[in-house]
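Input: a single structure, listed below in structure tokens.
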Amino acid sequence: AGVTMKEIQSNGVRSIILASGTLSPMDSWEAEMQIPFKVVLENQHVIQNDQVLAMTLCKGPTGVELNSSYKQRDRPEYR
């Protein structure tokens, strides 16, 4: 990523906006991008803990077992 960002910067780009809900911690992203972040804005989470549901799905809506292994990728049932 750093090589590409340096190339973009060398073409005279003055502003790059990175936006995501998962870029934190920013110091590791800055190191990976290999360019300085002159302005950084990080906000707190906008949802409460009781608004989050984390779960594991073992089967899809048709009842087919979800298996993302390489050998399963061409199975029509999995698509």
Side-chain angles (χ1 to χ4, degrees):
V3 173
T4 301
M5 295 304 280
K6 283 183 174 182
E7 183 178 341
I8 290 170
Q9 189 179 37
S10 72
N11 286 320
V13 173
R14 297 183 340 183
S15 298
I16 299 171
I17 298 172
L18 298 174
S20 173
T22 57
L23 291 178
S24 186
M26 291 299 290
D27 56 342
S28 65
W29 275 99
E30 186 171 6
E32 190 172 325
M33 294 297 130
Q34 299 178 10
I35 59 173
F37 291 0
K38 295 179 182 177
V39 176
V40 176
L41 171 65
E42 290 183 83
N43 291 313
Q44 299 299 317
H45 289 284
V46 295
I47 61 172
Q48 301 299 318
N49 289 341
D50 64 348
Q51 294 175 303
V52 177
L53 173 64
M55 60 189 305
T56 303
L57 297 176
C58 299
K59 295 184 178 183
T62 61
V64 174
E65 181 181 350
L66 299 177
N67 179 341
S68 299
S69 67
Y70 182 77
K71 69 180 185 175
Q72 299 292 329
R73 75 185 194 287
D74 290 327
R75 290 181 54 209
E77 312 82 49
Y78 189 67
R79 293 183 181 184

Donor-acceptor pairs are to be reported for all side-chain atoms of residues 7-14 against protein atoms at under 3.5 Å, with residues two or more places apart or in another chain.
unit_1, atom_1, unit_2, atom_2, d
Ser10, OG, Glu7, O, 2.7
Asn11, ND2, Glu7, O, 3.2

Under 3.5 Å, which donor-acceptor pairs do the side chains of residues 48-62 form with other protein atoms, sequence neighbours left out?
unit_1, atom_1, unit_2, atom_2, d
Gln51, OE1, Gln48, N, 2.6

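Remark: Glu30 engages Pro36, Phe37 in a side chain to side chain contact (heavy atoms under 4.5 Å, CB included) (not counting sequence neighbours).
Considering every non-hydrogen atom in both Val3 and Gln34, the closest pair reads N-OE1, 4.3 Å.
The structure places CE of Met33 at 9.5 Å from CD1 of Ile16, a figure rounded to the nearest 0.5 Å.
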